[in-house]
Structure formats: C-alpha cells, structure tokens
Chemist: 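Below is one structure. I have some questions about it.
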Amino acid sequence: MSDTRPWLKDLSVEALRARFGERGVKPYRAEQVAEWVYGRGVEDPAAMTNLPRDLREDLAREWRWRALEVEAVERSRDGTTKARLVARDGEILEAVLIPEERRTTLCVSTQVGCPLACSFCATGKLGLRRNLSTAEIVDQVLRMRELLAPGSALTNVVFMGMGEPLLNLAAVVEAVRLLLHPRAFGLAPRRVTVSTAGVVPRIRDLLEAVPVNLALSLHATSDAVRDVLVPLNRRFPLAVLREALEDLPRIGPRHPIFVEYTLLAGVNDAPEDARRLARWLHGLHAKVNLIPFNPHPGSEYAAPGPAAIEGFLAELARRRLAVTLRRSRGDDIAAACGQLAAQGARPGPVKPALPAAEDAPGGC
Ligand code: SF4
C-alpha cells in the first residue's frame, strides 16, 4: 500500500509551529525540530533527544522524512560534484556543488525536466515531467551537504538547476523560507539566488514573498534570436520583460539583478549583441554574468572562441557595465544542466513543452 503520510519538509518552520499549535504541542518545538533536521542533518525523530518521547513517536508515525536518495555522483577534477537524485516515485533530478576559493555554491532543481524548451539546454530537451515539492528541493540541500569535503560548508544556494523556479513558485518560496530561517539552514538572503527565464507576472510575486537575489536568464537581446533560444520570449517579449524589471522590491545598487548570458558562437556573441545588451540594461541595477557555452551531446550550438569572448567583454566594460566571466566548471563530467539526469531519465509521458496560459498564469 502506498504511503500517503505528509512530508515534514514540505512545511516552513512557521507552518510547523502552526501545525503543532493546533495539536496542543508547544509551538517552539518546531524550531527544535528544524535545528535537528536542517541544522544537524538528523532525520530520525528517535534521535531528537530534547523532544518529549510522545512527540518523537508522533513525528515518526505521522510524517515522511527522506524524499530523495543519491543514485549517482560524479566529481570533476576542479571539485565540482554533480549528483543524480531519485525521488520516491522513481523520478530523476540533479544537483551540483561548486566549490570556489571562498564559498561553496549548491545549484538545486525545481522541476523534473522543464517545460520551457530553451534550445541550448539539455534539460529543455527532457520536457516537463512534474514539479518538485518543497521537501524534494530541501532534500537536495541535505543530500548534497553530505557530499561536501570534510571541513567545508555550504555557503550559497542558487535555484538554477533543472526547471523554471517561477513555474513552481509556492514550493520554491517555502524552500527559501527554510533556507533563510535562522533555526533551519540559516543562510543570509544575499546567499540565495532564484533564477527565471522571464516568467513576467511572477517576478514581483517572488520578491514580495522572500528577500532573495534575482537572476534573469536573458541570453539574447533581440526578439528574433531570443524567440529561438528561450521560446518563453514569444509570450513575454523583451520589451515586456524589461518593463517588468522596473521598481522591483529589494533590487538596488547593493542587490542588482544577475543577468545570465550564455555566449553561443555565431548566435549572440557579436559586438553588436553586446552593445544591444548594454542599451537594454540601461537604467537597471544589473550585473552581467557571461557564460561561454559548454557543448553537450546532441546540441547544435558551439562554444565561442576567445576573441569573441574578449570582444564581448570589452564592449560591456567600455559601457561601464558590471560584468563577470564565469569559467566553465566540471568540464570532465556531465556538467551541462540536465545532462546527468538525462542519462538516468525514466521512460514515460512528459507534459507539453509549453503549458497553456491558464495552467501557468504568466508562465512560459
Ligand atoms: S535553460 Fe532553464 S528555463 Fe530553459 S529549458 Fe533549461 S532549465 Fe528550462
């Protein structure tokens, strides 16, 4: 018989407090549970020794605890660690740990596959299988933290893995609340970044709900090119997207929008593209991350050459844009988003590439 008990990690600490209150359990017990689960990584209620015995027994009986298990791990020479994770229903997703000199960033997935079908993306080729729950998002953090090298700590979490986070906004917001809660994961808001390909009506909703960094996967500066690279652009063209970025909560000089721009040889890497990008960003608090494309099997795109990258950078720098060049990580493993999960993908139906407008208000 299938287990229909709820997942404890679907609840923010506030929601668990409320649930305890309704049951006559002291609400502060929710913070104690959060410290055990997210602070110390203890997922067996029997080991939560500062809780009363009857509460420990209730917790074990009434809730489900581990939503994901690690199925495969690949470690790159540069320390990048990518894991294929399996959910209780057999669905496959992936998460990536990226150690750098002064921080270790975890990239988490929010959907199994993705409905947005960006033409340069391995995940986009999988289609959407389903949304991940809050418990499944949070379990990526717990499982990946267990893979950290001894002595290192997780410092940043980015929602840039498989899926479009704003098409799974409710689960993402609850997961962010757990990441930021001081008695749960306790990350500072500037350490958490949520990315979107431009689901216009939900950008403000996200920033009103949780104080995170916003990243925008832009990748092109003309509608003709972006319609191909990011088909969501057909629903929310560049002018509409640009307007939606005005006067957002939290965004300012200290909290710029991180604009992700994947450089594809001969597609969007010309000096004229850089000049158009600068014009499009004019008046916005933004920081550009240039990402030279990392080719994956089956992709029709190629990585830009060094001269094109230099030229693009120089055009942006001349216009005084804040810009960083992200060096490729994990080249020797299945590093492109969705590749590792695709290797283990289960056969089965996928949802349509572009959901209907009523399914995804403002969605792709
Ligand atoms: S780039 Fe992001 S939004 Fe586009 S298909 Fe891939 S996962 Fe989805």
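Residues take their numbers from the sequence shown, with the count starting at 1. No hydrogens, no waters, no symmetry mates; every other heavy atom, side chains included, goes into these values. Whatever order the structure lists them in is the order used to number ligands and atoms, beginning at 1. In this text the structure is predicted, and so the values were computed from the model without any measurement.
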Chemist: Parallel, tilted or perpendicular, judged at 30° and 60°: which one describes the rings of Tyr38 and Phe185?
Modeler: tilted
Chemist: Heavy-atom distances under 4.0 Å are what count here, so tell me which part of Ala117 touches ligand 1: side chain, backbone, both or neither.
Modeler: backbone
Chemist: Out of Ala122, Gly163, Ser119, Ser195, whose heavy atom sits nearest atom 2 (Fe) of ligand 1?
Modeler: Gly163
Chemist: Closer than 4.0 Å to some heavy atom of Gly124 - which atoms of ligand 1 meet that?
Modeler: 5 (S)
Chemist: Strictly under 2.8 Å, is atom 8 (Fe) of ligand 1 approached by any N, O or S atom of Cys114?
Modeler: yes
Chemist: Do any N or O atoms from the side chain of Thr324 and from the backbone of Arg326 form a donor-acceptor pair under 3.5 angstrom?
Modeler: no
Chemist: Please determine whether the number of non-hydrogen atoms from other residues, nucleotides or ligands lying under 6.0 Å from atom CD of Glu243 exceeds 12.
Modeler: no
Chemist: So if I count the atoms of ligand 1 from 1 in the order they appear, which ones are less than 4.0 Å from some heavy atom of Cys121?
Modeler: 1 (S), 5 (S), 6 (Fe), 7 (S)
Chemist: Looking only at non-hydrogen atoms, find the nearest pair between Val194 and Pro165 and report the distance.
Modeler: CG1-CB, 3.7 Å
Chemist: For Asp269 and Phe312, indicate whether the former's side chain and the latter's backbone hold a donor-acceptor pair under 3.5 Å.
Modeler: no
